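Below: the structure, in structure tokens.
Residue numbering restarts at 1 for every chain, and letters A, B, ... go by the order of the sequence lines. Since the model is a prediction, treat every value here as computed from it, not as a measurement.
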Amino acid sequence: MKIIIGSDKDGLELKEYVKDCLEKSGYEIVDKTPKGADDFVDSAKSVAQAVVEQEGANGILVDEYGVGSFMVANKIKGAICAVVSEEHSAKMTKDHNNATILALGSGIVGKKLAKEIVDNFVGSEYSGGRHQVRVDMLNKML
Amino acid sequence: MKIIIGSDKDGLELKEYVKDCLEKSGYEIVDKTPKGADDFVDSAKSVAQAVVEQEGANGILVDEYGVGSFMVANKIKGAICAVVSEEHSAKMTKDHNNATILALGSGIVGKKLAKEIVDNFVGSEYSGGRHQVRVDMLNKML
Amino acid sequence: MIISIGCDHIVTDLKNHIIEYLEAKGHKIIDNGTYDHIRTHYPIYGKKTADKVASGEADLGIVICGTGVGITTSAAKVKGIRAALVRDITTAKYAKEELNANIIGVGGRICGVGLIENIIDEFLESKYKENFENDKIIEKIDQIVEDDSQVGDEEFFAEFIEKWENGYYPKK
Amino acid sequence: MIISIGCDHIVTDLKNHIIEYLEAKGHKIIDNGTYDHIRTHYPIYGKKTADKVASGEADLGIVICGTGVGITTSAAKVKGIRAALVRDITTAKYAKEELNANIIGVGGRICGVGLIENIIDEFLESKYKENFENDKIIEKIDQIVEDDSQVGDEEFFAEFIEKWENGYYPKK
């Protein structure tokens with residue numbers, strides 16, 4: 001699976017850590033912001049657009065609180081982004097919401113927790129079924 | 001208020017950050033482990049014992065998950081330690097449980113969240129009243 | 001304050017509790033449903049709740065589903081909405097103070113009610129800190145979506161609701 | 001597995017839900033109370049729950065109160081108990097795998113039920129990773145308390161319960 005990542009300057013360190021972990025797990029990483037974008041609007045937009053354009057790709061966004069990236073990524077048509085600080089939501093949002101983008105706050109989650117969240121997100125799959133009507137609704141918006 | 005702090009090596013960086021924040025807020029800090037203890041058993045025991053001995057002092061413990069320090073500090077008679085990763089518990093445990101020691105996990109909480117948790121903890125007060133019977137029960141234990 | 005609120009069928013009881021909690025504090029609530037536990041679809045209620053905020057009918061909005069992700073995402077996709085999904089008070093405060101968030105989302109199967117009450121308190125009580133930096137970021141966020149024709153369109157999801165009722169989607 | 005469980009009056013319904021959840025998975029539950037919503041004191045139930053684990057009557061224990069702090073602290077103060085208060089699955093896994101925690105605590109007003117179920121699943125399913133490092137830390141923790149005379153003493157809190165009933169403590 002291809003994982004497209006990006007962060008602003010505040011999220012740079014955690015993004016690098018997450019990137020390392022994912023590379024060690026064998027994922028193909030596309031880093032949209034190797035030096036950190038000027039702000040989370042830029043990083044979130046570019047990652048969300050790239051994820052929407054590439055069938056099967058996932059995205060990971062980091063800024064200081066995560067919530068800014070969440071706000072922005074969901075403004076891109078077809079993007080479903082979850083900001084998460086525990087593992088259960090990371091799994092469930094893949095399974096139920098077909099979320100393809102995960103946002104993390106570097107000032108909110110520590111590295112051990114961030115790694116588990118990311119592993120749960122990239123390791124889970126959308127289960128379809130009844131959930132598809134809701135995903136179709138989200139995808140019509142904007 | 002005097003705040004007695006300690007960490008193992010994994011918690012050292014977050015402990016230093018918390019220490020800086022508290023010093024800037026004007027608290028008197030006693031650092032029991034300037035270089036980080038060998039393990040969280042040592043740091044938690046020494047901070048918990050010091051807090052119990054000094055009327056009015058509070059303690060803060062950091063290790064990678066926080067939960068090890070919690071386990072250990074509560075083995076000291078008279079110590080009431082809360083391991084916390086959000087602000088509401090940080091307030092409530094002071095107010096209701098008369099907790100005097102806070103444990104944090106450096107791998108679990110980010111710095112922004114850790115600072116808010118610490119501020120809520122040191123800024124709250126025990127409300128006594130009906131809660132005292134429970135605190136008396138805890139203090140009889142061990 | 002006038003607060004627009006919405007939820008899915010997983011957390012209706014929690015939403016009712018929050019409505020009582022906020023009414024006791026003197027707020028006026030617009031309850032966009034859902035009103036029972038019959039299976040329904042979170043984007044309906046996320047959009048309805050957000051539409052009221054985008055149009056100015058409500059000051060702020062609150063959305064709740066199981067994890068919070070689905071309903072807050074649907075709210076975030078309404079032009080003019082800056083929706084914050086949170087699990088801590090620090091982020092709620094930041095979102096209001098720096099990003100002037102106008103919708104807060106929480107997961108009712110993720111957060112307990114004590115923490116949720118405190119998150120909502122912080123969100124309602126914090127004030128936006130107006131300054132050049134914050135204004136600039138907010139303008140940048142708001143400019144991503146140009147078209148506002150979806151705001152207030154109550155028939156927007158009709159095609160999907162009809163398909164659902166006609167058995168187009170599996171019920172499992 | 002035989003699981004010892006306890007709660008205070010704030011979260012009795014949640015405890016009952018967790019008991020059903022675990023019984024459906026085939027576990028045997030020892031329910032140490034409290035059994036209703038009448039105001040009581042968390043250390044009574046934390047200690048009772050922990051005593052069953054310390055004595056070997058139960059394999060593992062679960063304790064719940066509002067924030068989890070009070071009841072988990074009381075469980076932690078029983079000799080032989082390694083109690084972990086958590087709000088995420090990562091910490092639950094760590095506590096079991098590295099510290100061989102035998103009691104898990106959660107806050108019912110802090111965590112939602114979906115997250116709590118997952119935390120408990122992880123705690124029950126993870127296995128202790130026996131190795132020199134972990135064994136050494138655990139021995140160090142267990143050696144802090146020598147006296148085991150409080151374990152199983154059902155009259156231990158009697159003096160405080162009597163004082164409470166006689167109006168020694170304020171009811172506010």
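At a 4.5 Å heavy-atom cutoff, the contact between B/Phe70 and chain D is made by side-chain atoms alone. D/Tyr168 does not touch chain B: none of its heavy atoms, backbone or side chain, sits under 4.5 Å away. Heavy atoms of D/Lys171 lying under 4.5 Å from chain B belong exclusively to its backbone. Residue contact with chain D, scored on non-hydrogen atoms closer than 4.5 Å, involves the backbone and the side chain of B/Leu142 alike. Within the 4.5 angstrom heavy-atom criterion, atoms from both the backbone and the side chain of B/Val133 approach chain D. Residue D/Leu85 touches chain B through both its backbone and its side chain, counting heavy-atom pairs closer than 4.5 Å. Residue D/Asp88 touches chain B through its side chain alone, counting heavy-atom pairs closer than 4.5 Å.
Chain B forms the most heavy-atom pairs under 4.5 Å with one residue out of D/Ile161, D/Ile81, D/Asp148, and that residue is D/Ile81. Each of D/Leu99, D/Ile44, D/Val86 has some count of heavy-atom pairs under 4.5 Å with chain B, and the biggest count is that of D/Leu99. Each of B/Gly107, B/Ala103, B/Ala79 has some count of heavy-atom pairs under 4.5 Å with chain D, and the biggest count is that of B/Ala79. Counting heavy-atom pairs closer than 4.5 Å to chain B, the top residue among D/Thr72, D/Ile137, D/Thr73 is D/Thr73. With chain B as the partner, the residue from D/Lys140, D/Lys47, D/Glu98 showing the most heavy-atom pairs under 4.5 Å is D/Lys140. The candidate from B/Gln132, B/His96, B/Met92 with the greatest count of non-hydrogen atom pairs under 4.5 Å with chain D is B/Gln132. Each of D/Lys163, D/Glu146, D/Glu159 has some count of heavy-atom pairs under 4.5 Å with chain B, and the biggest count is that of D/Glu159.
Atom CG of B/Asp39 is separated from atom CD1 of D/Ile141 by 8.5 Å, given to the nearest 0.5 angstrom. To the nearest 0.5 angstrom, B/Lys15 atom NZ is 10.0 Å from B/Asp20 atom CG.
A donor-acceptor contact under 3.5 angstrom links the side chains of D/Gln143 and D/Glu139, judged on distance only. Using a 3.5 Å distance cut-off with no hydrogens or angles, the side chains of B/Ser43 and B/Asp8 do not pair a donor with an acceptor. B/Tyr27 and B/Asn58 are not linked by any side-chain donor-acceptor pair at a separation below 3.5 angstrom, with hydrogens and angles left out of the test. Side-chain contact annotation: D/Asn32 with D/Ser4, donor-acceptor N/O pair under 3.5 Å present.
Salt-bridge annotation for D/Lys25 and D/Asp121: present, with a side-chain N of the basic residue lying under 4.0 Å from a carboxylate O of the acidic one.
Ring-plane geometry between D/Phe160 and D/Phe157 is classed as tilted, the angle between the planes lying from 30 to 60 degrees on a 0 to 90 degree scale. Aromatic ring orientation, D/Trp164 versus D/His41: perpendicular (interplanar angle above 60°, classes split at 30° and 60°).
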